[in-house]
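Inspection log for the structure reproduced underneath, given as C-alpha cells.
Chain letters run A, B, ... following the sequence lines, proteins first and then strands; every chain starts at 1. In what follows, every heavy atom counts, from backbone to side chain, and hydrogens, waters and symmetry copies are set aside.
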Amino acid sequence: MRWTRYFINTLREVPADADVISQKLMMRSGMIRKVAAGIYTYLPLGLRSIKKMEAIVREEMNRAGAVELLMPAIQPAELWIESGRWSFYGKELLRIKDRHERDFIFGPTHEEVITETVRDAISSYRQLPVNLYQIQTKFRDEVRPRFGLMRGREFIMKDAYSFHTSRESLDQTYDVMRGAYSRIFDRCSLDHVPVEADTGNIGGSASHEFMVLAQSGEDAVVACPSCHYGANVEKATSQFFREAQESIAQQQLREITTPGTQTIDDVGRFLGVPTSELVKTLVFRTENGTVMVLVRGDRQGNEVKIKNFLGTQTLELLPDSEFATAVGGPVGYCGPVGTKAGRVVADNSLKGMSNWTVGGNKVDTHTGNANPGRDFPEPEYGDFTAAEAGDPCVRCGTPLEIHRGIEVGHIFKLGTKYSKAMNCVYLDESSQRQPMIMGCYGLGIGRTVAAAIEQSHDNDGIIWPVPIAPFEVVVTVVGREENVGSAAEQIYAQLVDAGIDVLLDDRDERPGVKFKDADLIGFPFRIVIGSKSLANGNVEWSTRRDREKKLGEPAAVVSTVIEQVRAARSV
RNA sequence: CGGGGCAUAGCUCAGCCUGGUAGAGCGCACGGUUCGGGACCGUGAGGUCGGAGGUUCAAGUCCUCUUGCCCCGACCA
C-alpha cells in the first residue's frame, strides 16, 4: 500500500476529549475517530489492527474446538423476558422499538439468543458438548463511556458459549478456553494475568478475568508474587487479620464523648489510638431491609463481597436521611449496641477481638468496650473487606501486591442459570430431561488492542507488537532523486511479494514529518531509502522499539527485515 | 443518577466579566526558498459562534430553556 493512496490523517495536537494514552494515540495516529460518546469509527489503520486481532482470536478459538457463527445484533424483547433479564438489566440495555412498536434490544451479550438456538437444535446428550462463538458488535449504554475503545458503548467482542451434560465436561472446556485466552494474549505480547473474579450479574460458579497490567487500568487486581494466586480485589481474600488473637479480659461498657468525630480518622485522632483498633460501621439498604456491616477501622468495606454474602439483589449505602428511622443513630455515630438495624454482620478481622470501640448511636458519642454476645447479639462473620497490598496471601502467606489492570477477557462457568430459565434441555442416557450446563467466554477485541497500546508506547507514539500492527513495515522515501524512488519501489515490491504488510511512504513531505508520523503510528520496522546512504549502496533500517539505525545493502536489509517480521509474527 | 465544566474554522484555543466590523496557532490551497527528525516567507480559502426563545437601536458576549460533550463520584460480564 502506498501512503498517498491510503487514508491516514495524523493529528499533531491531542484531541481535547481524549483521556488515556491509548485513546490519544489512536486518535492522533488516525486509527479511530469519535462519532458520539463511546461510539467510534474504525479508520482504515485502526481497522487493520482490529482485523488482525480478530484473526488471532479466530485461530485460537478454532484450535480450541469452538465453532464460529454470527447472531443478530438486534434481539427481540421476548427472549430477554424469558430469561428474566428484560426487567433486571437496567438502563445499560439499549431498548428500541420497530415500526410496529414491538420491543427489541441492541444486544449487550448473547446468552439468550445462543440458548434459544441450542435449545432448538439439540435434544440428545449425543450431540453435546458444543462450543459456539461469534465476533460481534455489541452495545451497552454505559452511564459514562470513556477511555476510547477501552470503555466504549459500541464495541466489538468475541463471545463463546459452551453447552455440556456434566460439570466435568464444562470444566474441561473451561480449561481449554482458559489456555486459548492465554495463547491469544501471549501472541499479542501482552503482559497479562488471569485472576479469580466475581461472577456479577451473569451468575454462575466460577469465573476468571484476564487482566492486562497497565497503570491506566480500571480494575485493581491482587497478585501473589510467589504462588501465582491472582484475584480481582472484588474477589480476593487475604488473611490480614491477626490469627488466634489473645483474648483480653472484657471490660465494662462505657460511653465516650467524642465531639465532632464523624469519620473513623477523627475518632482515632481524638482518642489517640490507631484506626485498626476501632470498629467502623457501614449501613446499607437492601431489598430485605437495613444491614449494618462492621469492619476494622483501617479497612475498606467491599460492596461486592458484602452483597454476595447477603445474597441480595441490591445493595446501596443508606441515604443520610434514613439513618434516624432505620438505624436509630446519626450518621457517623452508628454502632451495633442497641441499633434498630435488622441484621448486623462483621468482618472476619473482628472475630475474637474484644472491647470494641463503636459508634454510640448518639451524636458526639462512641461506645467503648463493647463486646459481641454481651452488649449486642453475636454478629455473623464473613469476608467483607478489600484485600490490600502487603496482606499475606491466602494460599502461601507471602505479602500480596496490588496492580492496576485492564479486563480484556472474562470467562464464566454459568451452570444452568439460563438453560433452566429458558428450558434448554436434552435427554440423557436414561431418557431423562436435563438442563444443559453452560459456560461463557468473552473477550474484548477493541479493548485488547487499546490495552496493547497502553502497555507499549513512548513519548513519540505507539510501539506495536508485530502481530497486531496495522502494517509491519514502513518504507520511507527520503529525497526526490530518481534512483531513490526506484530503489524504494524495488524494496517495496520485494516486501509485498514476500507477503509482508508494508506501507510505502511516497508522500512529498520533509523527512522530519515522515519520521514523526512513522513513530506515531508505530510501524514495528522501518526501512529508510535516502540519497546519501544510497550513494554508498546502502539503505537504513531500524525497529520502532529501539530505533537503532543499521545500514546495509538493500538486498541484505530486505531479507533481514523479512526474516525478523516472520519471526515476530509467531511469538 | 448526584456535583462541576465546556460548546467559536478540519484540530487546539482566545474573544464573553465591561454588548458595537469574527480572531490566533496548527492543518488546507497557491507561489517561492528549503529538504535526514513535525522548515521559512508571501497570498488565500474556510465560521448558521451547538439549538430555540427573550432583553436591547445592536447579542459570540446578558437572561431563560434545550441538546451534545467532558471531568469527579455512584454504577458496571
Side-chain angles (χ1 to χ4, degrees), chain A residues 9-20 23-24 27-28 30 33-39 85 88-93 107-111 138 140-148 150-153 155 157-161 197-204 207-210 218-219 232 234-235 303-304 307 314-317 319-320 407-414 417-418 439-444 447 459-461 476-481 484 505 507-521 526 528-535 539-540 542 547 549 551:
Chain A
N9 187 22
T10 58
L11 302 175
R12 190 181 300 204
E13 288 181 88
V14 183
D17 48 9
D19 36 38
V20 289
Q23 185 185 14
K24 286 176 188 168
M27 293 180 87
R28 281 191 59 208
R33 184 189 147 74
K34 192 168 86 167
V35 176
I39 299 176
R85 288 206 290 186
F88 192 67
Y89 213 95
K91 287 190 176 175
E92 204 177 294
L93 183 62
T109 172
H110 284 71
E111 279 83 8
K138 298 182 186 284
R140 289 181 198 168
D141 201 355
E142 296 275 354
V143 187
R144 189 145 93 82
R146 54 188 145 171
F147 304 153
M150 275 169 57
R151 195 173 179 71
R153 294 146 94 199
F155 56 97
M157 184 173 209
K158 185 284 302 179
D159 49 327
Y161 306 87
D198 183 69
T199 50
N201 283 347
I202 286 274
S207 167
H208 284 83
E209 286 171 343
F210 286 79
E218 289 191 273
D219 295 289
N232 192 305
E234 292 174 349
K235 172 85 177 179
E303 294 192 15
V304 174
K307 193 170 161 185
T314 61
L315 182 81
E316 54 184 357
L317 281 167
D320 291 1
E407 180 191 344
V408 288
H410 199 160
I411 61 179
F412 297 80
K413 292 182 186 174
L414 283 181
K417 176 172 171 171
Y418 295 92
C440 81
Y441 318 89
L443 190 154
R447 190 182 271 192
N459 287 336
D460 292 312
T476 307
V477 185
V478 172
R480 302 199 161 62
E481 295 82 352
V484 172
D505 190 351
R507 293 176 297 170
D508 182 20
E509 284 288 355
R510 299 167 62 82
V513 172
K514 295 187 173 191
F515 294 148
K516 287 288 183 189
D517 274 342
D519 286 350
L520 177 60
I521 294 168
R526 190 182 77 185
V528 179
I529 294 93
S531 43
K532 283 176 197 159
S533 43
L534 194 63
V539 296
E540 171 194 303
S542 59
R547 289 194 276 195
K549 295 168 185 169
L551 286 173

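- Proximity note for A:E92 (side chain, C-beta onward) versus B:C69, B:C76, B:G38: the nearest is B:C76.
- For the C1' atoms, the distance linking B:C65 with B:G27 amounts to 37 Å, nearest Å.
- Using a 4.5 Å cut-off on side-chain heavy atoms (C-beta onward), A:M27 and A:K34 make contact.
- For the P atoms, the distance linking B:G46 with B:G38 amounts to 32 Å, nearest Å.
- Minimum interatomic distance between A:R153 and A:A37 (heavy atoms only, all atoms of both residues): NH1-O, 2.7 Å.
- Closest to the side chain of A:V143, out of B:G38, B:A74, B:C76, is B:A74.
- Atom P of nucleotide B:G37 and atom CG of A:D505 are separated by 15 Å, given to the nearest angstrom.
- A salt bridge links A:R85 with A:E111; the closest basic N to acidic carboxylate O contact falls under 4.0 Å.
- Using P as the reference atom, B:G54 and B:A59 are 12 Å apart when rounded to the nearest Å.
- Side-chain atoms of A:R146 stay outside donor-acceptor range of the base of B:C70, with no qualifying N/O pair under 3.5 Å.
- B:C35 and B:C40 are spaced 15 Å apart, taking the P atom of each and rounding to whole Å.
- For B:U43, the paired base is B:A29 (Watson-Crick or G-U wobble, both distances below 3.5 Å).
- Legend: residues meeting ring-ring contact (aromatic ring centres under 6.0 Å, His included) with A:H208, ordered by chain and number and at least two apart, are A:Y174.
- At most 12 non-hydrogen atoms from other residues, nucleotides or ligands lie less than 6.0 angstrom from CZ of A:R33.
- Applying the ring-ring contact (aromatic ring centres under 6.0 Å, His included) criterion to A:F210, with sequence neighbours excluded, gives A:Y181, A:F185.
- Nucleotides B:C26 and B:C62, compared at atom P, are 30 Å apart to the nearest Å.
- For the pair A:D508 CG and B:C28 P, the computed distance is 12 Å after rounding to whole Å.
- Comparing B:G25, B:A74, B:A39 by their nearest atom to the side chain of A:E13 picks out B:G25.
- In this model, a side-chain donor or acceptor of A:R28 finds a partner on the base of B:G38 within 3.5 Å.
- Side-chain nitrogen and oxygen atoms of A:R144 include at least one within less than 4.0 Å of the OP1 or OP2 phosphate oxygen of B:C72.
- With hydrogens and angles ignored, no donor-acceptor pair closer than 3.5 Å exists between the side chain of A:S531 and the base of B:G36.
- Taking atom C1' in both B:G50 and B:G32, the straight-line distance is 41 Å, to the nearest Å.
- The separation between A:R151 atom CZ and B:G73 atom P is 12 Å, rounded to whole Å.
- Among the nucleotides B:C75, B:C69, B:C26, the one closest to the side chain of A:R12 is B:C26.
- Residues A:L520 and A:R28 share a closest heavy-atom pair of CD2-O, 3.6 Å.
- In this structure, the nucleotide among B:A39, B:C76, B:G36 sitting nearest to the side chain of A:V513 is B:A39.
- For A:A37, counting side-chain heavy atoms from C-beta on, the closest listed nucleotide (B:G37, B:C69, B:C76) is B:C69.
- B:A74 and B:C17 have their P atoms separated by 38 Å, with the value rounded to a whole Å.
- Side chain of A:V528, nearest nucleotide from B:U34, B:C76, B:G36: B:G36.
- Taking atom CG of A:D17 as the reference point, atom C1' of B:C13 lies 14 Å away to the nearest angstrom.
- Here A:F147 lies out of heavy-atom contact (under 4.0 Å) with every strand.
- Shown here, B:G68 forms a base pair with B:C6; the pair counts as Watson-Crick or G-U wobble because both key distances fall under 3.5 Å.
- Listed nucleotides B:C76, B:C69, B:G36 differ in distance to A:K549; the shortest reach to its side chain belongs to B:G36.
- Taking the C1' atoms as reference points, B:U61 lies 10 Å from B:C49, given to the whole Å.
- What separates CG of A:L11 from P of B:U12 is a distance of 8 Å, to the nearest Å.
- At least one side-chain nitrogen or oxygen of A:K91 sits closer than 4.0 Å to the OP1 or OP2 atom of B:C1.
- Here A:S533 lies in heavy-atom contact (under 4.0 Å) with a base.
- Contact annotation: side chain of A:D517 to base of B:G38, donor-acceptor pair present below 3.5 Å.
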